[in-house]
Protein chains: 2
Amino acid sequence: MASSAPNLAIFRDYAMKPDPTSSLPPSILLSHSDTCLTVFDAFPKSIFHLLVIPRIKPPFSARHLADLRSLLQCKKDVAKELLMNLNEEANNVKIMIEEEMMKRYKFKWDIWMGFHPISSMEHLHLHVLSADLCSPKMKLKKHFNSFHPNLGFFLHLKDVLSWFDADPSFYRRMAKLDRSQYELLLKDGDLCCWTCDRALGSMPKLKAHLQDEFDKLTKREKATLERKRKRMEAPSSPMRAPVTDDEHPEKTARVAPSEGADSGVAVVGTSADCNE
Amino acid sequence: MASSAPNLAIFRDYAMKPDPTSSLPPSILLSHSDTCLTVFDAFPKSIFHLLVIPRIKPPFSARHLADLRSLLQCKKDVAKELLMNLNEEANNVKIMIEEEMMKRYKFKWDIWMGFHPISSMEHLHLHVLSADLCSPKMKLKKHFNSFHPNLGFFLHLKDVLSWFDADPSFYRRMAKLDRSQYELLLKDGDLCCWTCDRALGSMPKLKAHLQDEFDKLTKREKATLERKRKRMEAPSSPMRAPVTDDEHPEKTARVAPSEGADSGVAVVGTSADCNE
DNA sequence: TATTCCGATAGTGAC
DNA sequence: GTCACTATCGGAATGAG
């Protein structure tokens, strides 16, 4: 039961497990590598929402991996390597999510990867979530603001990685991750849609709008699909033959959350693991 | 239906009526005199809660009677006479309430008479209410604080009258009734029981406590009644004969709110008017 | 920035 | 300090061998 779990150190527990697969059920664990493991977010804020967690291995102790700030206080090259490991795992997760998008929705949409600069959960975790923010677990203003892709709280992985190649003074400034600065961002009352930037004024209105945006996206993609299908039925285009959307037919995705449900745990398929 | 009446000037409407009895139903109007009328508070904050309203008659215009402050800006002797008229009517109302207390509860308890220094309702009204503050309509902190007999917001009529006989500078100071001063009193967070002065911390706890206090009072009075009954059965006391509690058996009270109900309108009996 | 529960707080609309 | 409705904000408890 992953219902009301006030275990704020549970990710650290996961990160310490020598053999994640044998100690974590598939309803929690999606996959793992030598350096990371990926779990379903128990309270997904998008249709797809997973967490990539660095395993506690030398040269890192639990303390180094407490959060993003503590990681960025480590030696830069070591920190960057860990982020690259997370990035690699996240890219695999992204592919799995996209496969499941195709299965369930017949189209793909964006996937975000990023960190929260401050967190109640006691171990670093990289959010990998679909770009919709539609979920019954999306309840509070701070929920929404913490995943808004352009508000500044959600730190995109590629941006964090870019800090390493920027001016050292810039790196140091960003690596500070001053708590109070970021706290203010969450209290922004505008509740602006991340897609169209309109202010919605309240969470219920925002949620309805986000659903509208996703429905519009779905409609657009369905129309695109329909045009493709027609081209396939009457292949008059001499330019190229129609292709399938599924770019990875050999992989069997199991990144399947319970769509619209409120169980708190992602529902998974029955197929086998597909990590590297 | 006196259900959801957002008419903030309704008391002024009442106060202007030439013939209250013919234009106001007995579910609203309890009684009237030449100078006042008494209505049931549509949202009683105690078991008994009525409002004595000055009628608009020379030398007063509606403006003079807008609230207590505007009244106290009138000539002192005229203002005092109006208050004395309210006082007389309120004393009659008090007697009627006490009769109904005896009928329903077999004992009497205190009755408060007083003003709110600031009000959203646009016409002066004297609150006459039983000293219990037990009512389903007692919902908010400001409700409770505005009737707390020792907090300073509820201005007891006898205190207001005493200002007239005090030093003129004192009168002028009190007559100012500075809005912001009194607003603060309503936000007092302590929620102290008006009987035992204990802080209750939240409205639900306060309401439960107020009910407890009233239940204890009821129990005490029932015990007193029982002792009296026993003395009557065995009249061994040579000092004096037992007497009835009802000091006004000739009057038929109709000051009967719906006990514990949440209709918003006081339920009345079927007997006739009993004003002077 | 864990959730959930409870309650206080704030803004609105009522006609 | 009119009410009632909606939503937000704010603290506290939560888990457990």
Side-chain angles (χ1 to χ4, degrees), chain A residues 1-13 41-45 51 67-69 115-123 125 127 136-147 151 153-155 177-187 189 191 200-207 262 264, chain B residues 2-11 41-43 45 51 67-69 115-123 125 127 136-147 151 153-155 177-187 189 191 200-207 262 264:
Chain A
M1 234 72 82
S3 53
S4 65
N7 183 0
L8 302 184
I10 195 167
F11 297 158
R12 196 167 56 205
D13 296 344
D41 192 304
F43 301 92
K45 304 304 190 296
L51 304 173
D67 54 26
L68 188 59
R69 191 204 290 111
F115 300 99
H116 285 167
I118 51 185
S119 168
S120 296
M121 301 299 281
E122 291 178 20
H123 191 83
H125 48 285
H127 292 274
K137 294 295 185 184
M138 175 70 77
K139 295 176 178 175
L140 307 178
K141 182 179 295 188
K142 69 178 176 184
H143 289 159
F144 176 72
N145 283 347
S146 74
F147 289 104
L151 209 64
F153 188 90
F154 188 81
L155 303 177
L177 294 174
D178 179 47
R179 201 176 176 88
S180 56
Q181 291 280 125
Y182 284 104
E183 278 173 349
L184 295 178
L185 294 173
L186 294 183
K187 299 181 179 172
L191 288 178
L200 272 298
S202 81
M203 282 302 291
K205 283 171 189 161
L206 172 65
K207 284 170 65 65
D262 198 26
Chain B
S3 52
S4 64
N7 182 359
L8 302 184
I10 194 166
F11 297 157
D41 192 303
F43 302 91
K45 303 304 190 295
L51 304 174
D67 54 26
L68 188 59
R69 193 205 288 110
F115 300 99
H116 285 167
I118 51 183
S119 168
S120 295
M121 301 300 280
E122 291 178 17
H123 191 82
H125 48 284
H127 292 274
K137 294 295 184 184
M138 175 71 76
K139 295 175 178 175
L140 307 178
K141 180 180 296 187
K142 68 178 176 184
H143 290 159
F144 176 72
N145 283 348
S146 73
F147 289 104
L151 210 63
F153 189 90
F154 188 81
L155 302 176
L177 295 173
D178 180 46
R179 202 177 176 86
S180 57
Q181 291 280 125
Y182 284 104
E183 277 171 350
L184 295 178
L185 294 173
L186 294 183
K187 299 180 179 172
L191 288 178
L200 272 298
S202 79
M203 281 302 291
K205 283 172 190 161
L206 172 65
K207 283 170 67 65
D262 198 23

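So that the names make sense, note that chain A is the first sequence line, chain B the second, and so on, each numbered from 1.
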Using atom P of each nucleotide, how far apart are C:dC15 and D:dC5 to the nearest Å?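 Their P atoms lie roughly 13 Å apart.
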Span that lies between the P atom of C:dT4 and that of D:dG15, in whole angstrom: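 It works out to 13 Å between them.
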B:Lys45: what forms a side-chain contact (heavy atoms from CB on, under 4.5 Å) with it, not counting sequence neighbours?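 B:Lys45 satisfies side-chain contact (heavy atoms from CB on, under 4.5 Å) with B:Phe43, B:His49, B:Lys137, B:Met138, B:His143, B:Phe147 once adjacent residues are dropped.
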Who pairs with B:Asp67 by side-chain contact (heavy atoms from CB on, under 4.5 Å), at least two apart in sequence or on another chain?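 Only B:Arg69, B:Ser70 meet the side-chain contact (heavy atoms from CB on, under 4.5 Å) criterion with B:Asp67.
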For A:Lys45 and C:dT3, is the shortest distance between a side-chain N/O and OP1 or OP2 below 4.0 Å?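 The answer is yes; a side-chain N or O of A:Lys45 sits under 4.0 Å from OP1 or OP2.
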Phosphate OP1/OP2 of C:dT9 contacted by B:Lys141 side-chain N/O (<4.0 Å):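 Answer is yes, contact under 4.0 Å.
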In whole angstrom, give the distance that lies between atom [atom1] of [X] and atom [atom2] of [N].
{"X": "A:Met138", "N": "D:dA7", "atom1": "CE", "atom2": "C1'", "answer": "17 Å"}
{"X": "A:Asn7", "N": "D:dT14", "atom1": "CG", "atom2": "C1'", "answer": "11 Å"}
{"X": "A:Lys139", "N": "D:dG10", "atom1": "NZ", "atom2": "P", "answer": "19 Å"}
{"X": "A:Leu184", "N": "D:dC9", "atom1": "CG", "atom2": "C1'", "answer": "16 Å"}
{"X": "B:Lys142", "N": "D:dA4", "atom1": "NZ", "atom2": "P", "answer": "12 Å"}
{"X": "A:Lys187", "N": "D:dA7", "atom1": "NZ", "atom2": "P", "answer": "22 Å"}
{"X": "B:Leu185", "N": "D:dG1", "atom1": "CG", "atom2": "C1'", "answer": "11 Å"}
{"X": "A:Lys205", "N": "D:dA7", "atom1": "NZ", "atom2": "P", "answer": "8 Å"}

Under 4.0 Å, counting only non-hydrogen atoms across every strand here, what does [X] touch: a base, just sugar-phosphate, or nothing?
{"X": "B:Ser202", "result": "sugar-phosphate"}
{"X": "B:His143", "result": "sugar-phosphate"}
{"X": "B:Pro117", "result": "nothing"}

So do [Y] and [X] actually touch side chain to side chain, heavy atoms under 4.5 Å?
{"X": "B:Leu140", "Y": "B:Met203", "result": "no"}
{"X": "A:Leu68", "Y": "A:Pro117", "result": "no"}
{"X": "A:His127", "Y": "A:Leu51", "result": "yes"}

Pairs counted as Watson-Crick or G-U wobble with both distances under 3.5 Å: what dot-bracket string results for DNA chain C, using | for bases tied to another strand? .|||||||||||||.
Between A:Leu186 and A:Leu140, which has a closest nucleotide on DNA chain C that is more 5'?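 It is A:Leu186 whose nearest nucleotide is closer to the 5' end.
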[X] side-chain proximity, nearest of [options]:
{"X": "B:Ser119", "options": "C:dG7, C:dA2, D:dG1", "result": "D:dG1"}
{"X": "B:Lys137", "options": "D:dG1, D:dA4, D:dT8", "result": "D:dA4"}
{"X": "B:Phe43", "options": "C:dT3, D:dA4, C:dG7", "result": "D:dA4"}
{"X": "B:Phe153", "options": "C:dT4, D:dA4, D:dG1", "result": "D:dG1"}
{"X": "B:Met121", "options": "D:dG1, D:dT2, C:dG7", "result": "D:dT2"}

Tell me every residue that passes salt bridge (Lys or Arg N to Asp or Glu O under 4.0 Å) with A:Arg179, counting only those two or more places apart in sequence or in another chain.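 Listed in chain order: A:Glu183.
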Could you tell me which residues satisfy ring pair (Phe, Tyr, Trp, His ring centres under 6.0 Å) with B:Phe11, sequence neighbours excluded, listed by chain and number?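 Partners of B:Phe11 under the ring pair (Phe, Tyr, Trp, His ring centres under 6.0 Å) test: B:His125.
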Using ring pair (Phe, Tyr, Trp, His ring centres under 6.0 Å) as the criterion, list what pairs up with B:Phe115, not counting sequence neighbours.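 None.
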